[in-house]
Amino acid sequence: KRWGGYETDVGTYYEIEMALAEGDMSAGWIYGVVGVTQWVMALLDDRAAQDVWGKETNTLVGLSLAPAGKIVPAEGGVRISGRWPFASGCLYCDWALLGAFVPGDPPRADGMPEWRMYLVPKSDYEIIDTWQTSGLKGTGSNDIVIKDTFVPAHRMHRMADNVVCKGPGQAVNTAPLYRIPFGQVFGGGVAYAAVGALQGMLNDFRDYAGPRMRLGNRRTVEDPDALLAVGDADHAIDEMKLLLHRNVRNLEAYAERGAVPPQDERLKYKFQMATSTERCRAIATRLFQAAGAAGLYSQHRFGRILADINAGRQHVTNQHEMHGREWGRHLLGQSFHEDVMR
């Protein structure tokens with residue numbers, strides 16, 4: 001609110017993401033990724049926000065957090081170089097948060113070096129057009145390249161601080177909203193666009209199936225496989241939304257008490273986020289099949305929506321198998337892998 005924002009609750013943020021994705025999953029995806037980046041700006045030193053919004057409060061920040069950069073210490077900060085892939089929102093943003101490991105720092109308990117994000121203005125990087133993909137074409141998630149630029153210390157943020165829900169910006173941004181784990185907010189930002197896309201596909205299928213006659217004068221509305229796919233889709237969307245709002249309420253309750261949510265609970269929520277994209281993929285595939293050969297034509301959105309959901313499913317946060325194994329490891333009493341994005 002200090003910069004003209006709404007500080008809306010996380011559940012509303014996800015509902016907007018899903019509503020946009022009903023029309024186009026790329027739009028929902030960009031809203032999810034860029035939206036969470038504006039949120040995480042509240043955790044950085046407030047001088048970083050002054051740099052971004054001091055002259056224009058509508059300025060947007062994108063991100064690519066893969067630790068792809070090379071860092072060289074410099075007086076008052078660092079010099080950074082590298083190439084970052086999958087920079088969703090880079091075409092629409094004037095700044096970017098980019099990830100890199102800090103050389104020479106003592107490693108974390110898991111043996112990995114310190115991972116930080118670095119805030120860089122668009123004037124200091126080049127966007128390389130690499131986004132020739134099978135799905136989510138509208139996100140323009142190209143590569144960002146930096147040859148050598150200076151980043152002052154106040155534009156850095158430790159990823160490890162996200163685990164304990166801390167950041168220097170909380171000194172002035174005091175709302176409980178900014179004490180929710182970054183990994184949880186970001187995870188939904190790249191998971192729930194698929195739920196909206198599935199809703200859009202279901203809406204289209206209902207309009208499409210009503211008058212459609214299949215080969216042999218068989219009506220789609222009498223096809224048992226189509227009927228079951230439609231019923232399962234509607235049920236799954238309702239269930240996934242109920243679950244996400246339950247989880248958000250729980251996270252908000254921790255934040256309001258000034259408590260950090262336990263890692264095992266966050267592990268469960270991350271698995272449930274990843275599961276939602278897998279469920280959307282499986283059900284969208286069934287709806288596409290039920291649309292028959294006529295569903296292939298480009299005047300229908302079925303193929304494009306399925307391609308978008310499949311593309312979103314490839315994101316590391318949406319890897320159902322990886323997160324499911326970690327949750328299963330915990331349920332069987334084994335230690336799970338620490339993850340600073342959690």
Side-chain angles (χ1 to χ4, degrees), residues 13 17 20-21 24-44 48-49 51-53 56 58-71 78-102 115-151 155-159 162 182-183 185-194 277 307-308 310-319 340-341:
Y13 157 65
E17 175 187 355
L20 289 170
D24 189 285
M25 187 172 165
S26 289
W29 184 276
I30 288 297
Y31 175 84
V33 172
V34 176
V36 77
T37 315
Q38 315 321 297
W39 172 87
V40 80
M41 282 293 298
L43 304 180
L44 274 67
D51 292 343
V52 173
W53 293 315
E56 175 53 73
N58 288 325
T59 299
L60 296 176
V61 184
L63 86 170
S64 178
L65 294 182
K70 179 181 178 181
I71 301 299
V78 299
R79 301 201 71 83
I80 185 170
S81 303
R83 181 165 181 155
W84 289 261
F86 306 110
S88 295
C90 64
L91 296 176
Y92 321 110
C93 299
D94 292 315
W95 291 74
L97 277 168
L98 305 173
F101 288 131
V102 181
W115 184 6
R116 294 184 186 177
M117 54 176 71
Y118 300 83
L119 180 66
V120 181
K122 194 172 187 176
S123 58
D124 286 353
Y125 57 79
E126 180 184 3
I127 296 173
I128 307 298
D129 184 5
T130 57
W131 197 244
Q132 311 302 320
T133 59
S134 60
L136 291 180
K137 294 175 180 288
T139 66
S141 303
N142 293 301
D143 288 10
I144 283 178
V145 173
I146 296 177
K147 294 182 179 178
D148 180 45
T149 194
F150 177 73
V151 180
R155 292 190 200 155
M156 306 177 198
H157 182 63
R158 299 173 67 244
M159 294 294 288
N162 293 326
F182 166 80
V185 182
F186 176 80
V190 297
Y192 296 130
T277 59
D308 287 344
N310 278 328
R313 170 68 165 78
Q314 297 299 95
H315 193 282
V316 64
T317 299
N318 295 334
Q319 294 296 312
V340 296
M341 293 282 282

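Atom set for the values below is all heavy atoms of this structure, side chains included, hydrogens, waters and symmetry mates excluded.
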Side chains of N162 and M117 in contact at under 4.5 Å (non-hydrogen atoms):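 N162 vs M117: side chains touch.
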Who passes salt bridge (Lys or Arg N to Asp or Glu O under 4.0 Å) against [X], sequence neighbours left out?
| X | value |
| --- | --- |
| R83 | D143 |
| R158 | E114, D161 |
| D94 | none |

Heavy-atom pair of closest approach, residues G62 and C93: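 Of all heavy-atom pairs spanning G62 and C93, the closest is N-SG, 3.5 Å.
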Over all atoms of both residues, closest heavy-atom pair of T139 and Y92: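 That closest heavy-atom pairing would be O-CE1, 3.8 Å.
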At what distance, to the nearest 0.5 angstrom, does [atom1] of [X] lie from [atom2] of [Y]?
| X | Y | atom1 | atom2 | result |
| --- | --- | --- | --- | --- |
| D124 | T149 | CG | OG1 | 3.0 Å |
| L63 | C90 | CG | SG | 11.0 Å |
| I144 | I128 | CD1 | CD1 | 10.0 Å |

Whether over 12 other heavy atoms sit under 6.0 Å from F86 CZ: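 Not buried by this count: 12 neighbours or fewer within 6.0 Å.
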NZ (K122) with more than 12 external heavy atoms under 6.0 Å: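 Counting neighbours around NZ of K122, more than 12 heavy atoms of other residues, nucleotides or ligands fall under 6.0 Å, so yes.
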Ring pair (Phe, Tyr, Trp, His ring centres under 6.0 Å) involving Y125 - partner list, sequence neighbours excluded: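 Expected list: none.
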Pairwise side-chain hydrogen bond (donor to acceptor under 3.5 Å, both in side chains) hits with a residue in residues 26-39, at least two apart: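 Those involving residues 26-39 are W29-S88.
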Under 3.5 Å, side chain of [X] to main-chain N/O of [Y], donor-acceptor pair present?
| X | Y | answer |
| --- | --- | --- |
| Y13 | G32 | yes |
| N142 | G140 | yes |
| S64 | P85 | yes |
| D148 | S81 | no |
| W84 | G99 | yes |

Partners passing side chain to side chain contact (heavy atoms under 4.5 Å, CB included) against F150 (at least two apart in sequence or in another chain):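 So F150 forms a side chain to side chain contact (heavy atoms under 4.5 Å, CB included) with A74, R79, P152.
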side-chain contact (heavy atoms from CB on, under 4.5 Å) between L97 and Y118, worked out: CA-CA 5 Å; L97 277 168; Y118 300 83; over 6 Å; no
